[in-house]
Amino acid sequence: MYMKGNDLMQPIENILPPIVNQRTKILIVGSMPSQKSLEKQHYYGNPRNHFWTMIGQILNVAIPEDYEQRIQLLLAHHIGLWDSIQSCERQGSLDATIKNEIPNNFEALFLRYPQIELVLFNGGKSFDVFRKRVGLETLNGRAYEKMPSTSPIPGKNIKSFEQKVMIWRCMEPYL
């Protein structure tokens, strides 16, 4: 750890493996899990994050409390999860403080799972890291969209939860 001004930057390793199988058509790519998610070893483990609530609305299902059941629900609907960042330095959990990102190996993932048709980037940081550190050519013709973050912090142009859900519904043709 080192000091940057008055902020304490911490090196962080992303310990969450990709959630994907041979039936995955949609890959949702976050940036780096929050401290709470890393502690729990759960994607979107902070109950304040809108991810699971949004997925429930889009799929029109109740989201189970059990994390493993949540993952099975995603996989049953051909949805996978991963993050653009394998390791970085960050203060707290905010994407805005992420520095020195090392990306995950998407080339290997897409070789192993060529059936992935749509990549949805959960927020600007996820997209920017992928674009700069991996390269959009790695998508190899797959459809992709930069989505409003599922963070509870309002975005610049997207203010309401309902607006976010409407935009995220772009995945419905792939379900």
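Small disclaimer: the values here were computed from a predicted structure and weren't measured.
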Asker: Is it true that, when you exclude Tyr113 itself, more than 12 heavy atoms of the residues, nucleotides or ligands shown sit nearer than 6.0 Å to its OH?
Answerer: yes

Asker: Between Ser87 and Glu13, which heavy-atom pair has the shortest distance, and what is it?
Answerer: CB-OE2, 3.4 Å

Asker: Is the side chain of Thr24 donor-acceptor paired with the backbone N or O of Ile26 at a distance under 3.5 Å, no angle test?
Answerer: no

Asker: Under a 4.5 Å cut-off applied to non-hydrogen side-chain atoms, are Val20 and Leu81 in contact?
Answerer: no

Asker: Would you say Lys40 has more than 12 foreign heavy atoms packed within less than 6.0 Å of its NZ?
Answerer: yes

Asker: Honestly curious: do Met54 and Ile167 fall in one hydrophobic cluster under the side-chain, below-4.5 Å linking rule?
Answerer: yes

Asker: Treating Ile, Leu, Val, Met, Phe, Trp and Tyr as nodes and any side-chain heavy-atom pair under 4.5 angstrom as an edge, say whether Leu120 and Leu136 lie in one connected cluster.
Answerer: yes

Asker: Evaluate the criterion side chain to side chain contact (heavy atoms under 4.5 Å, CB included) for residue pair Ser37 and His42; output intermediate values, then yes/no.
Answerer: CA-CA 5 Å; Ser37 294; His42 292 178; 5.6 Å; no

Asker: Could you state the interatomic distance from CZ (Phe127) to NZ (Lys132), rounded to the nearest 0.5 Å?
Answerer: 10.0 Å

Asker: Does the side chain of Met171 come within less than 4.5 Å of Ile55's, by heavy atoms?
Answerer: yes

Asker: Apply the hydrophobic cluster definition, ILVMFWY joined by side-chain contacts under 4.5 Å directly or through others, and give me every member besides Ile12.
Answerer: Ile15, Met32, Leu38, Ile85, Ile98, Val129

Asker: Could you walk me through whether Trp168 and Asn122 pass the side chain to side chain contact (heavy atoms under 4.5 Å, CB included) test, one step at a time?
Answerer: CA-CA 10 Å; Trp168 275 86; Asn122 189 350; 3.7 Å; yes

Asker: Would you indicate whether the side-chain heavy atoms of Ser84 and Pro103 approach each other to under 4.5 Å?
Answerer: no

Asker: Crowded around Gln22 CD? As in, over 12 foreign heavy atoms under 6.0 Å?
Answerer: yes

Asker: Could you check Gln91 against Gln10 for side chain to side chain donor-acceptor pair (under 3.5 Å), going step by step and ending with a plain yes or no?
Answerer: CA-CA 6 Å; Gln91 177 199 6; Gln10 299 179 337; over 6 Å; no

Asker: Set out, in order, the CA-CA distance, both residues' side-chain angles and the distance that settles side chain to side chain contact (heavy atoms under 4.5 Å, CB included) for Cys88 and Asn100, then state yes or no.
Answerer: CA-CA 5 Å; Cys88 66; Asn100 301 318; 5.9 Å; no

Asker: Applying side chain to side chain contact (heavy atoms under 4.5 Å, CB included) to Trp82 and Ile19, what does each step give before you reach the verdict?
Answerer: CA-CA 6 Å; Trp82 209 18; Ile19 305 295; over 6 Å; no

Asker: Do side-chain atoms of Ser31 reach the backbone of Ser126 as a donor and acceptor pair under 3.5 angstrom?
Answerer: no

Asker: Are Asn105 and Phe110 side-chain neighbours, meaning at least one heavy-atom pair lies under 4.5 Å?
Answerer: no

Asker: Please table the atom pairs, donor to acceptor, closer than 3.5 Å between any side-chain atom in residues 69-79 and protein atoms at least two apart or in another chain.
Answerer:
from, atom 1, to, atom 2, distance (Å)
Arg70, NE, Pro64, O, 2.7
His77, ND1, Leu73, O, 3.0
His78, ND1, Arg23, O, 3.0

Asker: Between Thr150 and Asn49, is any side-chain donor less than 3.5 angstrom from a side-chain acceptor?
Answerer: yes

Asker: Under 4.0 Å between a Lys/Arg side-chain N and an Asp/Glu carboxylate O for Glu172 and Arg169?
Answerer: yes

Asker: Report yes or no: does Lys146 contribute a side-chain atom to a donor-acceptor pair with the main-chain N or O of Gly123 at less than 3.5 Å?
Answerer: no

Asker: Rounded to the nearest 0.5 Å, how far does SG of Cys170 lie from CG of Leu118?
Answerer: 6.0 Å

Asker: Just so I know, are the side chains of Phe121 and Asp128 near enough to count as touching, which here means a heavy-atom distance under 4.5 Å?
Answerer: no

Asker: Between Glu101 and Lys125, is any pair of side-chain heavy atoms under 4.5 Å apart?
Answerer: yes

Asker: Between Tyr43 and Tyr67, which heavy-atom pair has the shortest distance, and what is it?
Answerer: N-OH, 2.9 Å

Asker: With distance as the sole test, does Asp83 use its side chain to make a donor-acceptor pair with the main-chain N or O of Asn104 at under 3.5 Å?
Answerer: no

Asker: Please indicate whether Arg142 has more than 12 foreign heavy atoms, meaning atoms of other residues, nucleotides or ligands, lying under 6.0 Å from its CZ.
Answerer: yes

Asker: For Lys36 and Pro47, which heavy atoms make the closest approach, and how far apart are they?
Answerer: CD-CD, 3.9 Å

Asker: Looking only at atom types and distance, does a side-chain atom of Gln57 sit under 3.5 Å from a main-chain N or O of Trp52, one as donor and one as acceptor?
Answerer: no

Asker: Quick one: which of Asn140, Leu111, Thr138 gives a side-chain contact (heavy atoms from CB on, under 4.5 Å) with Phe106?
Answerer: Thr138

Asker: Going by heavy atoms in the side chains, are His50 and Pro152 under 4.5 Å from each other?
Answerer: yes

Asker: Listing request: all ring pair (Phe, Tyr, Trp, His ring centres under 6.0 Å) pairs with a residue in residues 8-38, at least two apart in sequence or in separate chains.
Answerer: none

Asker: Are Leu27 and Leu109 packed together at the side-chain level, in the sense that at least one heavy-atom pair is separated by less than 4.5 angstrom?
Answerer: yes

